[in-house]
Amino acid sequence: MVTNAEIADMLEEIATLLAFDDANPFRVRAYRNGARTVRRYGKTMASLVADEADLTALPTIGTDLAALIQEAVNTGHMRSLDALRISAPIPSLDLLEVEGIGPKKARALWQELGVSTPEQLHRAVLDHKVRTVTGFGPGSEVRLAEVFAKQTPLKSRRYPLGTVTPIADALRTYLGTCPDISRFEIAGSFRRGRDTVGDLDIVAETHTPAAAIDHLASWSRVKRLVLRGEAKATFILDEGIQMDLRATDTEGWGAMLQYFTGSKPHSIALRVRAKAKGLKLNEYGVWKGNQRVAGATETEIYDALGLVFIPPELRENRGEIELAAEDKLPILVTRQDLKGDLHVIANSVRDVGAMLKAAHACGLSYVAIGPRIDAKTKRKTVEDIFRETDARCKDIPGLRCFRLVEVGLTKQGDLDASDTLLEDADLIIGAVRDGFDLTKAEQTKRLVQAVKHPRLSILSHPTGRSVGEREPFDVDMAKVAKAAAQAGTALELSADPARMDLTDLHCHTAQEAGAQISVTAEAIRPAEFERLTLGIVQARRGWLGPSDVLNVRGAADLAKTFRTQKTNKTAKEPVHAGSA
DNA sequence: GCCGTTTTCGGCCCGACTGTTTTCAGTCG
Ligand SMILES: Nc1nc2c(ncn2[C@H]2C[C@H](O)[C@@H](COP(=O)(O)OP(=O)(O)OP(=O)(O)O)O2)c(=O)[nH]1
Ligand SMILES: [Mg+2]
Ligand SMILES: [Mg+2]
């Protein structure tokens with residue numbers, strides 16, 4: 001079955017190949033926009049086609065793209081893409097991944113040097129052959145030599161938030177020491193809360209842009225200065241991550257922050273809207289003629305366009321602008337709304353005390369804490385952890401503790417543990433730990449079965465994601481979420497930066513199906529409660545409000561839910577545990 | 001190729017930096 005990502009890749013490739021033919025650039029963009037829509041759509045194109053849904057109802061999809069999507073779903077490929085590949089002026093698109101190489105230069109390199117891969121280009125640079133090629137010269141050859149010598153990342157390279165956050169923290173500390181910079185913000189996809197980022201985009205307020213750029217250039221972690229001008233600079237950090245800087249004055253701070261936060265489609269939509277109002281929006285402000293009518297704050301910018309402030313997490317041009325015009329944006333959940341964390345790991349009695357203290361110190365008023373269990377786990381281990389939990393919890397006034405066990409799932413969707421280990425738990429979390437390669441139908445059946453289990457309170461890692469290693473597997477999330485909503489089982493969003501599932505998109509799907517989401521740090525060490533904020537940001541990207549999140553509710557309320565599941569449901573339905 | 005708070009045709013966001021350019025194309029944010 002062809003996935004949305006695969007269809008998006010095909011449309012993207014058509015766009016790239018059309019760009020070589022000097023096609024109408026707006027036509028190229030139409031394919032890119034279509035690719036983006038398909039990639040970030042909550043339902044699969046395959047399911048839409050199966051339901052005979054009207055694909056042209058999707059934004060940026062018209063009759064042509066709809067036909068291509070349909071063809072891809074039905075046949076697995078697009079004939080017009082195959083044709084474009086055959087007639088393509090270059091044999092490979094790999095060169096386009098090199099910084100500074102676009103369609104024109106890639107074509108010239110192939111036609112005049114027979115170079116079509118980054119490795120061949122590197123060789124040609126070392127042999128000083130590139131300077132003779134049309135559009136190149138001695139200067140650009142030196143630049144390319146630098147690109148290869150300093151191992152500049154490929155353009156499509158992205159980094160998990162977990163690897164970027166420590167760098168961002170160090171950067172904030174460093175920028176804080178700069179006398180020339182009075183205010184700064186990390187913008188771009190980082191500020192929008194994406195779980196992977198392509199680079200770090202910095203807005204810095206300064207009277208002296210050159211001094212600010214100098215200061216950043218002399219940061220110990222800067223490996224290479226890619227470019228610098230009067231208004232901006234680009235650097236490569238030691239880790240290979242790119243960092244873009246835009247300097248601004250106080251009057252234009254809000255406009256620059258809006259521009260650099262994006263997203264690009266969001267900004268383009270704002271600019272179109274400005275135009276329709278007889279205004280112009282750029283990174284310096286909102287303009288009426290040559291008069292600046294807004295610029296100092298983002299709120300001012302949005303207001304000038306007839307919009308209420310839009311939280312960065314929503315700025316993806318997915319309907320937020322239309323809602324902002326009506327002042328009908330959803331109220332999003334915040335970190336302060338969270339009253340507890342329902343998935344705290346303690347695999348031995350030693351861990352319990354410190355974890356409870358840390359949770360309490362983070363302002364949480366309850367936790368569910370306990371071990372991850374499997375076939376080897378002894379009953380005594382679980383009992384000891386529960387006893388320790390009860391004892392330690394009494395010492396912390398204002399903290400309530402639920403006894404938790406996390407169990408794996410069988411491929412059929414039963415709990416993969418013996419009943420005796422589960423007996424004393426207040427709540428049971430079922431975690432998808434394996435079976436990642438099941439077909440979509442099998443996986444959907446498995447998870448629907450799991451959420452219906454009378455003793456299961458939360459389904460953890462519902463898409464098996466491992467950031468940078470394993471993409472979320474294909475599953476009919478709408479169906480799983482609907483079953484979860486009916487059964488009163490929550491789906492989990494783990495803020496472990498290595499996991500980050502549910503994704504923002506799946507959160508939205510789950511919300512629409514009426515399911516509750518449990519946002520957890522999935523902490524196994526005391527310091528890890530801090531990452532709850534990452535989970536909240538992702539939940540906000542999924543448009544979740546306080547009422548969508550399970551652990552916004554109070555402990556007493558939840559205790560009832562858990563107990564109900566334990567008594568009533570087990571009384572009515574057989575327990576499926578231990579049938580692996 | 002897509003689309004409509006003037007539009008079903010004629011637009012489509014706007015600007016910075018670099019190198020080779022002899023007036024601006026290419027690439028990128
Ligand atoms: N108006 C406008 N703004 C752009 C354009 N390209 C980029 N930007 C703005 C919006 C982006 O969010 C911001 C930073 O650019 P990036 O390429 O770093 O993108 P972003 O951070 O959104 O995603 P990333 O994770 O870095 O790939 O600059 C453009 O073509 N037009
Ligand atoms: Mg970025
Ligand atoms: Mg950037």
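To find a chain, count down the sequence lines: A is the first, B the second, and so on, and within it residues start at 1.
Counting any heavy atom pair closer than 4.0 Å across all strands shown, A:Lys264 reaches a base atom. Across all strands shown, A:Arg29 has heavy atoms under 4.0 Å from base atoms, whether or not it also approaches the sugar-phosphate. Note on A:Leu65: only backbone sugar-phosphate atoms sit closer than 4.0 angstrom, heavy atoms only; bases stay farther off. Within 4.0 Å (heavy atoms only), A:Lys277 reaches no atom of the nucleic acid at all. Base contact: A:Ile268 has a heavy atom under 4.0 Å from a base atom. Using a 4.0 Å heavy-atom cutoff across all strands shown, A:Pro25 reaches no nucleic acid atom at all.
Side-chain contact between A:Glu316 and A:Arg40 is absent, with no heavy-atom pair separated by less than 4.5 Å. Counting only heavy atoms from C-beta outward, the side chains of A:Lys280 and A:Lys275 never approach each other to under 4.5 Å. Residues A:Val203 and A:Phe184 are not in side-chain contact: their nearest non-hydrogen atoms beyond the backbone lie 4.5 Å or more apart.
No donor-acceptor contact under 3.5 angstrom links the side chains of A:Thr44 and A:Asn4, judged on distance only. If you check the side chains of A:Asp496 and A:Ser494, you find no donor sitting under 3.5 Å from an acceptor.
The only member of A:Glu185, A:Glu230, A:Glu283, A:Glu205 that meets salt bridge (Lys or Arg N to Asp or Glu O under 4.0 Å) when paired with A:Arg246 is A:Glu283. For the salt bridge (Lys or Arg N to Asp or Glu O under 4.0 Å) with A:Asp504, the qualifying choice from A:Arg192, A:Arg318, A:Arg541 is A:Arg541, the only one to do so. Shown are A:Thr444, A:Thr463, A:Thr503, A:Leu505; of these, the side-chain contact (heavy atoms from CB on, under 4.5 Å) with A:Met477 is made only by A:Thr463.
Comparing B:dC9 with B:dG15, their P atoms sit 31 Å apart, to the nearest whole Å. Nucleotides B:dC3 and B:dT8, compared at atom P, are 16 Å apart to the nearest Å. If you take atom C1' in B:dC24 and the same atom in B:dT20, they sit 10 Å apart, rounded to whole Å. To the nearest whole angstrom, the two P atoms, one in B:dT27 and one in B:dT21, are 15 Å apart. Straight-line distance between the P atoms of B:dT23 and B:dC17: roughly 23 Å, to the nearest whole Å. If you take atom P in B:dC13 and the same atom in B:dT18, they sit 26 Å apart, rounded to whole Å. On the C1' atoms, B:dC12 is 13 Å away from B:dT7, given to the nearest whole Å.
If you measure from atom CZ of A:Arg32 to atom P of B:dC13, you get 14 Å, rounded to the nearest angstrom. Between the C1' atom of B:dC14 and the CE atom of A:Met256 lies a distance of 12 Å, rounded to the nearest Å. As a whole-Å value, the separation of A:Leu245 CG from B:dG29 P is 14 Å. One atom, CG of A:Asp199, and another, P of B:dC28, lie 13 Å apart when rounded to the nearest Å. Spacing between atom NZ of A:Lys155 and atom C1' of B:dG26 amounts to 11 Å, rounded to whole angstrom units. With rounding to whole Å, A:Glu99 atom CD is found 8 Å from B:dC28 atom P. Rounding to whole angstrom units, CZ of residue A:Arg228 and P of B:dG19 are separated by 14 Å. Whole-Å rounding puts the A:Asp201 CG to B:dC28 C1' distance at 12 Å.
Nearer the 5' end of DNA chain B, as judged by each residue's closest nucleotide, is the contact made by A:Leu281, out of A:Lys104 and A:Leu281. Residues A:Asp64 and A:Gln242 each lie close to DNA chain B; by heavy-atom proximity, the contact nearer the 5' end of the strand is made by A:Asp64.
Close to B:dG15, at under 4.0 Å from its OP1 or OP2, lies a side-chain N or O of A:Lys280. Here A:Arg27 reaches the OP1 or OP2 of B:dG1: one of its side-chain N or O atoms lies under 4.0 Å away. Applying the 4.0 Å criterion to OP1 and OP2 of B:dG1, one finds that A:Thr63 has every side-chain N and O outside that range.
Across the strands present, B:dT27 finds its partner in B:dA16; the criterion is a Watson-Crick or G-U wobble pair with both atom distances under 3.5 angstrom.
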Going 5' to 3' through nucleotides 5-11 of chain B and flagging B where a protein heavy-atom sits under 4.0 Å of the base, S where only the sugar-phosphate is that close, and - otherwise, we get -------
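Across every non-hydrogen atom of A:Arg292 and A:Tyr284, the tightest pair is NH1-O, 2.7 Å.
Put simply, the side chain of A:Tyr259 and the base of B:dG15 share no donor and acceptor less than 3.5 Å apart.
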